[in-house]
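So the structure is just underneath, and the comments pick up after that.
These numbers come from the heavy atoms of this one structure, side chains and all, not from hydrogens, waters or symmetry mates.
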Amino acid sequence: MTDTLLLELLRKMETRERTRFRELVDSPFFNKNTKLRKLCHHVLQFAPDFQHPDLEKAVVHRQVFGKQPFRELAFNNLVSDLLQLAYQYLSVSQFQAQPEQHLEYLCLDLLDRDLPKQVNRQIRRWKLWRSKRDDRSYDYFHQAYQLYEKMDQLSLTGGQRRKGEDLQRENDALDRYYFINKLRIACDMTSRNAVVNAGYTCHFLEEIRSYKARQPELEEIPLIQVYSQALRMLESPRETEHYFQLKELLATYRPIIPQRELRILYNYALNVCVRQINIGKSAFYQEIWELYKLLLAEGILLKNGQLSQWSYSNIITSAMRLRAYDWTEEFIHTYRDYLPEEVRENAYSYNLASLYFEQGDYTRALHLLFEVEFTDAFYHLSAKIIQLKVYFHLRETEAFFSLIEATRHYIARNRQLSEYQKKSNANFLKLASRLFQHLIRTEWRPIKGKERERFVQSIEQTQPLANKSWLLERIG
């Protein structure tokens, strides 16, 4: 039973969530099957990792079915039913966390039952709750549209046929929701088109822009301002003024934008900073680092209490480029436990070794890399590249070329690496080997003149190429 979808889901739940899930299973409103209760209680004993011999099928079956003969189908059906209850728990939890959605469905039902006084009472509650909302996300306008829709339906009960403002408000709220969402989707499409050349087309975008320009009240809506500016930045990433204007808008409106949207918007900004660095504007390392520090301080980077391994590595890289080594080491240790458990040791050890390498502490870097067995292909390969760089700096000829060959074979036979990763790193090995051989022949004298030009040209023309900046630094 160890590898079931059920256990995978339960591992992702927090302690409080598992407790509430058990309460749902125990509730006769949701479940009347006593065997499901027994199964739930038995399995939850082994939280949070759910790795225990008593989770083997035979043991679990005996706990639930007693002395009855083992029946595979019945057992699997019971586990499947418990998984469905777990999904139901997640759905109910999400519904309870969204009071406006709760009130919408309640008003719909009360309208169907022809209970206008009770609908009116719930609408007053709905308005009160909305007045306390801090955010002004696109969801805010969608909920406004639904509220005005119910208010308009209420005004028509009892055969009334008077003109009210609710229908107009319903229409206007829907327009705002639509405009914001179209701009949001246009940003996403533009961003993805730049990364993978997806060829997405956002229909009616120019019509929306033209209409918006003629409606000053739309331009005053914070999210319309933010997404319009984000789209300008993504469409013209080389024009840095768009980035700085977005950064200013986000600083102004950050308190009223939900974190899930802020995470995406700041990611757009970070990607544009990377593109600026790629065209030689190294000052944007400072921008990246400052943005990441802001996102950490505001808790925006954390998703379900965890920090992705890629954000972890990107933060470390940006800080190391600025030689903020003390800050970097503190960050590596402090945020280690925020990493997902399945990648924690790989990400932590690799990035710590990378820091030691950048500081010139080659002995500690090698010692750490030899100590850790990297289970992920990306980290395994990246660790080998650091080792190669160390051997290059130490002029360890035999170790360098031996590792070059071993790494080539690893790249060729590994199926986890993408074709881009394989090619970019294979190209790096080829150029690093050629450079090392040249330096041996010239007794490590600086490369000058036409020989230097040829090396620079080879590096600049090789695509794709990993560790390009490192190779150029070795030439001087």
| query | Using the benzene-type ring in the case of Trp, are the ring centres of His380 and Phe374 under 6.0 Å apart? | reply |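 Ring centres of Phe374 and His380 not closer than 6.0 Å.
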Sub-3.5 Å donor-acceptor pair from the side chain of [X] to the main-chain atoms of [Y], do we have one?
X: Gln94; Y: Ser91; answer: no
X: Asn193; Y: Gly199; answer: yes
X: Asn304; Y: Gln306; answer: no
X: Gln153; Y: Leu108; answer: no
X: Glu170; Y: Lys150; answer: no
X: Thr328; Y: Ala324; answer: yes
X: Asn267; Y: Arg263; answer: no
X: Lys423; Y: Glu419; answer: no
X: Asn414; Y: Leu417; answer: yes
X: Ser349; Y: Asn346; answer: no

Is it the case that the side chains of [Y] and [X] hold a donor-acceptor pair, with the cut-off being a distance below 3.5 Å and no angle test?
X: Arg364; Y: Tyr356; value: yes
X: Tyr379; Y: Gln309; value: yes
X: Tyr285; Y: Glu290; value: no

Are [X] and [Y] within salt-bridge range, i.e. N to O under 4.0 Å?
X: Lys247; Y: Glu287; answer: yes
X: Arg133; Y: Asp139; answer: yes
X: Arg408; Y: Glu405; answer: yes
X: Glu235; Y: Arg232; answer: no
X: Asp172; Y: Arg169; answer: no

| task | Could you note down all residue pairs passing salt bridge (charged side-chain N to carboxylate O under 4.0 Å, His left out) where residues 60-76 supplies at least one of them, sequence neighbours left out? | result |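 Sorted result for residues 60-76: Lys57-Glu72.
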| field | Residue from Trp289, Tyr292, Tyr335 passing ring pair (Phe, Tyr, Trp, His ring centres under 6.0 Å) with Trp327 | value |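 The passing option is Trp289.
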| task | Please round to the nearest 0.5 Å and tell me the distance separating atom CG of Leu103 and atom CH2 of Trp126. | result |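 With rounding to 0.5 Å, CG (Leu103) is 6.5 Å from CH2 (Trp126).
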Which atom pairs, one a donor and one an acceptor, fall under 3.5 Å between side chains of residues 181-189 and the rest of the protein, sequence neighbours left out?
from, atom 1, to, atom 2, distance (Å)
Asn181, OD1, Arg184, NE, 2.8
Asn181, OD1, Arg184, NH2, 2.8
Asn181, ND2, Tyr177, OH, 3.1
Lys182, NZ, His203, O, 2.9
Asp188, OD1, Arg192, NE, 3.2
Asp188, OD2, Arg192, NH2, 3.0

| Is the NZ or CZ atom of Arg176 both under 6.0 Å from the centre of the six-membered ring of Tyr145 and within 45° of that ring's axis? |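 No, Arg176 and Tyr145 do not form such a contact.
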| Arg336 charged N/C atom sitting above Tyr348 aromatic ring, 6.0 Å / 45° |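 The answer is yes, since Arg336 meets both limits relative to Tyr348.
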| request: Assess whether atom CD of Glu373 is packed by more than 12 heavy atoms of other residues, nucleotides or ligands within 6.0 Å. | output: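 Open: at most 12 neighbouring heavy atoms sit under 6.0 Å from CD of Glu373.
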| request: Give the C-alpha distance, both sets of side-chain angles, the deciding distance and a yes or no for side-chain hydrogen bond (donor to acceptor under 3.5 Å, both in side chains) between His367 and Glu371. | output: CA-CA 6 Å; His367 181 73; Glu371 215 175 47; 3.2 Å; yes
| Partners of His41 by ring-ring contact (aromatic ring centres under 6.0 Å, His included), sequence neighbours excluded? |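 Counting only residues at least two positions away or on another chain, His41 forms no ring-ring contact (aromatic ring centres under 6.0 Å, His included).
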